[in-house]
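Here is the structure we will look at, set down as structure tokens.
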Amino acid sequence: MRSLTGTDRLIVTLMVAIPTLVVVGLVWGPAIATVLLSFTDWNGIGNVADINVVGLENYENVTSNYPPFQPAIEHNLIWLTVFFLGPTLLGMALAVMLDRQLRGSRVYQSVFFLPVVLSLALVGFIWQLIYSRDQGLLNQVLGTQTDWFGDPDINLWAVLVAAGWRHTGYIMLLYLAGLKAFDPALREAAAVDGAGEVRTFFQVVWPVMRPVNIIIVVITVIESLRAFDIAWVINKGRNGLELISTLVTANVIGEASRVGFGSALATIMIAISTVFIAIYLIQVMREQRG
């Protein structure tokens with residue numbers, strides 16, 4: 001810094017200060033405020049000085065006196081499991097196939113990636129046309145009158161298909177980018193040693209792709225935990241579509257306006273997400289050290 005001119009120092013300072021203020025104001029500030037408010041009974045009305053501290057009361061109510069909380073946890077876990085076993089593995093398989101330079105692979109990439117550019121809310125509207133009980137495409141083909149989004153026994157699975165449709169293209173793009181950066185000399189060496197394609201993938205490609213695999217795992221977990229848009233659009237996260245994120249929204253901006261209680265739910269969500277974010281950061285720091 002001493003070797004820089006006054007103008008350069010000002011520019012460097014602004015380049016560091018502005019992003020820092022943005023991150024603090026839009027990320028760390030709200031996160032810290034959420035944690036602090038989770039120990040209060042604030043309803044969003046009145047002065048901040050009049051907020052009453054209630055300690056762990058909100059957390060006790062969440063875990064013992066709030067019936068939607070347990071279904072929300074179960075649904076988020078189901079969401080996570082289905083995403084891992086379905087869209088994530090399918091996206092990786094599509095990436096492997098498209099990496100083989102198939103004819104028209106760019107067209108396939110565009111088709112599979114198209115849902116990714118759409119918001120989950122818009123995806124929900126699109127799939128409503130398919131799942132509609134009276135005029136939906138699926139019921140017309142099957143000759144049924146199933147209320148796919150209204151029946152609490154099946155609406156979660158219907159939503160998972162719609163959300164997975166979008167998630168598959170996202171994972172495909174990430175894994176395909178990793179495969180494009182893979183050293184082809186390693187494949188050639190495995191072929192010279194007599195290894196087939198399947199053995200080459202699991203013994204050569206898969207270990208080298210470990211950093212990408214970890215990123216995909218973390219992204220899948222975070223996507224599953226923050227799932228909100230499509231469930232809220234359909235029925236505001238009720239009647240079989242309870243998720244942690246919809247409960248947070250319903251309490252913070254809903255008619256009850258229980259900001260402190262909703263903040264406790266949000267804090268639980270932050271704590272779960274932090275575990276997987278920490279795993280990702282540890283991996284990144286290890287790569288940088290290497």
Side-chain angles (χ1 to χ4, degrees), residues 62-63 66-96 112 115-116 118-121 123-124 127 130-131 138 146 148-176 178 201-202 206 209-250 265-280 282-283:
V62 166
T63 56
Y66 191 49
F69 179 68
Q70 183 176 350
I73 292 292
E74 294 175 354
H75 294 164
N76 273 111
L77 291 176
I78 292 174
W79 199 293
L80 176 61
T81 303
V82 171
F83 261 36
F84 267 124
L85 299 180
T88 298
L89 295 180
L90 179 58
M92 294 170 68
L94 290 173
V96 171
F112 292 132
V116 181
L118 306 176
S119 68
L120 268 177
V123 169
W127 279 85
I130 299 175
Y131 284 140
L138 187 57
T146 305
W148 297 96
F149 279 161
D151 188 341
D153 294 328
I154 60 175
N155 57 4
L156 177 63
W157 305 103
V159 169
L160 282 171
V161 171
W165 175 61
R166 180 179 182 271
H167 187 70
T168 298
Y170 188 29
I171 298 301
M172 178 206 71
L173 182 69
L174 292 175
Y175 209 71
L176 186 59
F201 177 79
F202 285 105
W206 182 262
M209 295 287 289
R210 182 173 177 273
V212 179
N213 295 335
I214 293 177
I215 292 174
I216 288 176
V217 168
V218 173
I219 288 176
T220 301
V221 171
I222 293 175
E223 285 288 319
S224 301
L225 290 175
R226 73 182 187 91
F228 166 77
D229 313 54
I230 190 168
W232 190 262
V233 165
I234 293 171
N235 63 2
K236 296 189 182 301
R238 298 190 293 260
N239 192 32
L241 288 181
E242 293 85 0
L243 298 170
I244 299 177
S245 57
T246 61
L247 298 184
V248 173
T249 304
L265 289 166
T267 301
I268 294 174
M269 190 173 176
I270 291 173
I272 298 174
S273 302
T274 301
V275 175
F276 298 95
I277 294 173
I279 295 173
Y280 170 72
I282 290 172
Q283 177 62 30

Member of Thr81, Val82, Leu80 meeting the side-chain contact (heavy atoms from CB on, under 4.5 Å) criterion with Phe84: Leu80
Separation between CD1 of Ile219 and CD1 of Ile171, rounded to the nearest 0.5 Å: 6.0 Å
Side-chain touch Glu223/Arg166, heavy atoms, less than 4.5 angstrom: yes
4.5 Å side-chain heavy-atom contact, Phe228 and Leu243: no
Which atom of His167 lies closest to which atom of Thr220, heavy atoms considered: NE2-OG1, 3.5 Å
Interatomic distance, Leu247 atom CG to Glu242 atom CD [nearest 0.5 angstrom]: 7.0 Å
Min side-chain heavy-atom separation Trp79-Val159 under 4.5 Å: yes
Main-chain N/O of Ser119 paired to Asp229 side chain as donor or acceptor, under 3.5 Å: no
Shortest non-hydrogen contact between Pro152 and Asn155, atoms and distance: O-OD1, 3.4 Å
Donor-acceptor pair, side chain of Asn235 and main chain of Gly150, under 3.5 angstrom: no
Rounded distance [0.5 Å steps], CZ in Phe83 versus CG in Leu90: 12.0 Å
Beyond-backbone contact of Ile268 with Phe69, side-chain heavy atoms, under 4.5 angstrom: yes
For the student: nearest non-hydrogen atoms of His75 and Gly240, plus distance: CE1-O, 3.3 Å
4.5 Å side-chain heavy-atom contact, Ile78 and Leu160: yes
Heavy-atom pair with the smallest gap, counting every atom of Lys236 and Thr246: O-CB, 4.4 Å
Interatomic distance, Ile214 atom CD1 to Ile282 atom CD1 [nearest 0.5 angstrom]: 10.0 Å
Worked verdict on Leu265 versus Tyr66 for side chain to side chain contact (heavy atoms under 4.5 Å, CB included): CA-CA 11 Å; Leu265 289 166; Tyr66 191 49; 4.1 Å; yes
Separation between CE of Met92 and CH2 of Trp206, rounded to the nearest 0.5 Å: 3.5 Å
Non-hydrogen side-chain atoms of Val96 and Tyr175 separated by less than 4.5 Å: yes
Pairwise distance CG(Leu173) to OG1(Thr168) - rounded to 0.5 angstrom: 12.5 Å
Minimum-distance pair of heavy atoms, taken over all atoms of Trp148 and Tyr131: CD1-O, 3.3 Å
Short side-chain to backbone donor-acceptor contact, Asp151 and Thr146, under 3.5 Å: no
Minimal non-hydrogen separation, Ile216 against Thr88, with atom names: CG2-CG2, 3.7 Å
Crowding at CD, Gln70 (>12 non-hydrogen neighbours, <6.0 Å): no
